Each structure stands twice: as C-alpha cells, then as structure tokens.
J.: 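Got a structure here, written out as structure tokens. Questions coming.
Below, read A as the first sequence line, B as the second, and so on, with proteins coming before strands; counting in each chain starts at 1. What you are looking at is a predicted structure, and each value in this text was computed from that prediction instead of being measured.
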Number of protein chains: 2
Amino acid sequence: MARPSLQAERQQSIMAAFTRCISKLGLEAASLDEIAKEAGMQRSLVRHFAGNREDLVNQVADYVASKFENIWRQQEHSHREDLTNEWLVDVLFSTKPEAVYRTMLPAFYALLSASHRYPTVSVRMTQCFELYVADLSLELQRRHSQASSDDCQQVALGVINIYFAWDSLRGLELNPTLIRNNQQLIKRLLSSLK
Amino acid sequence: MARPSLQAERQQSIMAAFTRCISKLGLEAASLDEIAKEAGMQRSLVRHFAGNREDLVNQVADYVASKFENIWRQQEHSHREDLTNEWLVDVLFSTKPEAVYRTMLPAFYALLSASHRYPTVSVRMTQCFELYVADLSLELQRRHSQASSDDCQQVALGVINIYFAWDSLRGLELNPTLIRNNQQLIKRLLSSLK
DNA sequence: GTATAAGTTGTCACAAATGATAATTAATAA
DNA sequence: TTATTAATTATCATTTGTGACAACTTATAC
C-alpha cells in the first residue's frame, strides 16, 4: 500500500556505474560523485540505495565476482562439445562481449590489488579465483583423462594467470606480436597435457 | 659558494616513500601528505623537491621501472652459468629481497593499471615490459638453441605474465598448493622448449 | 481523496588534498 | 663576517569527497 520499491534496479545500475568508474579511474578515484554522474543520478541517491563508501566497495566486489562466475559458467557450458585445443582461447579471448574486457576485467583487477585494504573484498575475490581455478581444472581433467590432477591444476592456474596478466597489459601499446603469442601460449600449455 | 644541494638524495627518498605508499594504499590514495609522512619530511618539501602530483607520478614510474630493469639484469647475470631448469624459478621467486616483492611489484602493478590515465607512465611501462620480454627471450634462446625465436618469445611472455599475476594475487589468502603449482608451472613452460 | 511508504532533491558542515607563496634558517665560499 | 644559495617551516585559499538530514514529490492501496 505504498509506492513500489526501485531498490533492486537502482542498486544494479549503481554497481554497473561503479564498475565502469573503477575501470576508468581506479578504485580510489572513483568517488561517489563520479559514480552518481555515471549512473545519471544524484549522489544522495547513491548513498540512499547503496549505503556509504565501504558498503559500495564490498557490494561491487560481489557484483563483479558474480558477473565473472556467471559468464565463465555460461561460456564453459556452451563450449563443452568443442574438444579441439581452440576451445579455451575462444572462451577466454574471443566470445566475450567487449564490455567485459573494457570494464569488468579492469575492475576485477583493481579490486584484487586493493583487497588487502578491504577484508570482505579479499574473501570474495579469493573465493572467485579459487572457484575459477578449480572449475577450469575439472574441465581440463574431463578433457585430458590421462593427465594427473596436479598437472591439470597447474595448467588451469597458468591459463588464468596469463589471462589476467594479458588483460592488465591492455592499457599499454604493446607490439601486436606479443598479443598473438599470448594466445599461442594458451595452446602450448594445453598441449603440455597431452 | 652556497649551501650544498640535497636534491638528488631527497628525490630518491621521496620516490622510495611514494613506492611504499602506492603498494600500501594504491596510487590514487597515496597522497602528498602520506608520502611526506612516509619519507619523514613535510609536504612542502615533497613539493619543493619533486614537483606537483603529476610530476611525482611520472617520476615514480621511471624509478620503479629502472629499479626493475637493474634487478633483472643483475640477477640474470649472476645466474648465467646455472643451466638447470631451476635458474628461472630462482631468479624470479627465490633470490630477490623481500622489499622487492612487498613494495616494488605491487607499485609496478598499480602503475600498470593506471597507465591509461598517465601517457608518460604508459610509455615507460611499455618500454620496461618489452625490454623484459625481449631480454628473457634472448636468454632463453641462448639456453635452448634448438628452439625457434617465436617459441622463446612465447615462453618468455608466459613466464613474465605468470610472475606478475602471481604477485598481484599475493594479497589473497590462496591455498598454498596454488602457490607451489605456480612455480612448477614455470618449469613446465621451460620444458616445453626442449 | 487521503494515508502511506518510498523516491527525490537540496543543503549543510567537516575533513582532506592540492597548489602557491612568504618567511625563516642553515651551510658554504670568498 | 658576509653574501649567496638552498633547505626548511608556516600558512593561505581553493577544491573535492563524504556523511547527515530536512524538505519535498510521487505512486500505490484503501
């Protein structure tokens, strides 16, 4: 018997805006004013719907981590039948929407390197990373049944690390050969399981 | 015929302090006041000797990059005769002073992800990264004369990416097995050149 | 239409970061 | 000792980020 709540939608768009700000400006420089401008609302509304700065940071960590997990699972699932060595390169480098590369990943990385200042963020990021490694590890095991589980974990870890590092270098204007070789590297790691 | 200049020493300790602040607080949260406190001087002195914030950021990028290049070259040189597969793991993970891991690397990474906002930083970081890859690539070529130069560049890139990613995950409380497997990974990549 | 709960706007005070500059102190050379 | 140059301290105004709260508006149920 009252006005309907916009809480959920507002929170989502605040998180999306915060994520974009983080990737543009870095975590510490992504102020409430910036977030509000990016989300097209007033700062008071950001505070009203998402709480104070610490709340926002914790929430955005969960937002980014969940987005990541969802995208990963969805892509893993849609490539289950592709048993060539290209599947992983496709999943990691080719079939994601641009927005993931341009905003989600940089934000993920910014949160990662800030996590020692935000315990809650640290827990969520750790959980996300370990889930990622464990999941890819299992998938590798499924595809390379003759390889040991330790080998699979090693390769999974390597692939994920390379993927993250590759992304954080996007800002630099690196020689295109380096970018190409980075993808070859994924295949090289996969072949080492044969 | 005047008071002797402390410019050089002061600049060095300001850079060292800035580096520590960046690794503790992140680039944007490392304020002039924080730097001054860390260096044990007043903010006015920081400004006097190192200029404004933008100057400081550009200088610290060069400081960190140069430190990196020096340490790398020095370690590469002292391991030239070690032709086992352990050499690279030693160089990357074992024989560096703690300070490098705790301050230089996190700062390096923070500068990397901020570089799209600081053109001068971007140039210096790119230069440092490409030098690093090219140098390691050459060293691999020397050790594995039968491998193609493309193979060597791939492995060099992989090793460096894994090394960087490994470091940025130091903040997380990861399962120790993951850490160990990360080092195994380096050896796995090296063996793929055999 | 009226009460109710929620969205929305505006404004205040406080603290922190930066840039700029004047005033003071200290170390050298002649 | 004095002139010179640089270090050092102190203080200013401006801007920006944040938290808090009061006032107003809007959409629903009854």
J.: Between C:dG19 and B:R53, is there an OP1 or OP2 to side-chain N/O distance shorter than 4.0 Å?
T.: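 It does not, given that no N or O in the side chain of B:R53 lies less than 4.0 Å from OP1 or OP2 of C:dG19.
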J.: Let me know the distance between CZ of B:R47 and P of D:dA10, rounded to the nearest Å.
T.: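 Rounded to the whole Å, the gap is 18 Å.
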J.: Return a table of donor-acceptor pairs under 3.5 angstrom between the side chains of residues 85-94 of chain B and protein atoms on other chains or two or more places apart.
T.:
residue: B:E86; atom: OE1; partner: B:K187; partner atom: NZ; Å: 3.4
residue: B:E86; atom: OE2; partner: B:K187; partner atom: NZ; Å: 3.1

J.: Taking side-chain hydrogen bond (donor to acceptor under 3.5 Å, both in side chains) as the definition, give me every residue that meets it alongside B:R170, ordered by chain and number, with sequence neighbours left out.
T.: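 Result, side-chain hydrogen bond (donor to acceptor under 3.5 Å, both in side chains) vs B:R170: none returned.
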J.: When you compare the side chain of A:I14 with that of A:Q11, does any pair of heavy atoms fall below 4.5 Å?
T.: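 In short, these two side chains do not touch, never coming nearer than 4.5 Å.
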J.: Identify, residue by residue, the members of residues 23-31 of chain A with a heavy atom below 4.0 Å from DNA chain C, and return them in order of residue number, or none.
T.: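 Residues of residues 23-31 of chain A under 4.0 Å from DNA chain C: none.
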J.: Are A:R73 and A:E76 ion-paired here, with the side-chain N under 4.0 Å from a carboxylate O?
T.: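 No, A:R73 and A:E76 are not salt-bridged.
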J.: Measure all distances between protein nitrogen or oxygen atoms and nitrogen or oxygen atoms of nucleotides 7-11 of chain C, and list the pairs falling under 3.5 Å.
T.:
residue: C:dG7; atom: OP1; partner: A:L6; partner atom: N; Å: 3.4
residue: C:dG7; atom: OP2; partner: A:H48; partner atom: NE2; Å: 3.0
residue: C:dT8; atom: OP1; partner: A:R10; partner atom: NH2; Å: 2.8
residue: C:dT8; atom: OP2; partner: A:R10; partner atom: NE; Å: 3.0
residue: C:dT8; atom: OP2; partner: A:R10; partner atom: NH2; Å: 2.6
residue: C:dT9; atom: O5'; partner: A:Q42; partner atom: NE2; Å: 3.3
residue: C:dG10; atom: OP2; partner: A:Q42; partner atom: NE2; Å: 3.2
residue: C:dG10; atom: O6; partner: A:S44; partner atom: OG; Å: 3.3

J.: How many Å lie between CD1 on B:I14 and P on D:dA7, as a whole number?
T.: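 Value for this atom pair: 11 Å.
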J.: According to side-chain hydrogen bond (donor to acceptor under 3.5 Å, both in side chains), who are the partners of A:T95, at least two apart in sequence or on a separate chain?
T.: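 Only A:Q75 meet the side-chain hydrogen bond (donor to acceptor under 3.5 Å, both in side chains) criterion with A:T95.
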J.: Rounded to the Å, how far apart are B:E9 CD and D:dA6 C1'?
T.: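 So the CD-C1' distance, B:E9 to D:dA6, works out to 13 Å.
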J.: Show me, pair by pair, the donor-acceptor contacts under 3.5 angstrom made by side chains of residues 36-53 of chain B, not counting sequence neighbours?
T.:
residue: B:E38; atom: OE1; partner: B:K24; partner atom: NZ; Å: 3.1
residue: B:E38; atom: OE2; partner: B:R20; partner atom: NE; Å: 2.6
residue: B:E38; atom: OE2; partner: B:R20; partner atom: NH2; Å: 3.4
residue: B:N52; atom: OD1; partner: B:E54; partner atom: N; Å: 3.2
residue: B:N52; atom: OD1; partner: B:D55; partner atom: N; Å: 3.0
residue: B:R53; atom: NH2; partner: B:L27; partner atom: O; Å: 3.3
residue: B:R53; atom: NH2; partner: B:A30; partner atom: O; Å: 2.4

J.: For the rings on A:F164 and B:F164, is their centre-to-centre separation under 6.0 Å?
T.: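 Not close enough - the centres of the two rings lie 6.0 Å or further apart.
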J.: Do B:L190 and B:L140 have side chains that get closer than 4.5 Å, going by heavy atoms?
T.: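 Yes; the side chains approach each other to less than 4.5 Å.
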J.: Provide, to the nearest angstrom, the distance between the CG atom belonging to A:L56 and the P atom belonging to D:dG17.
T.: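 So the two atoms are 14 Å apart, to the nearest Å.
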J.: Without decimals, in angstroms, what is the distance between B:N52 CG and C:dT21 P?
T.: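 Spelled out: CG on B:N52 to P on C:dT21 is 13 Å.
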J.: In whole angstrom, what separates B:E34's CD from C:dA15's P?
T.: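 So the two atoms are 17 Å apart, to the nearest Å.
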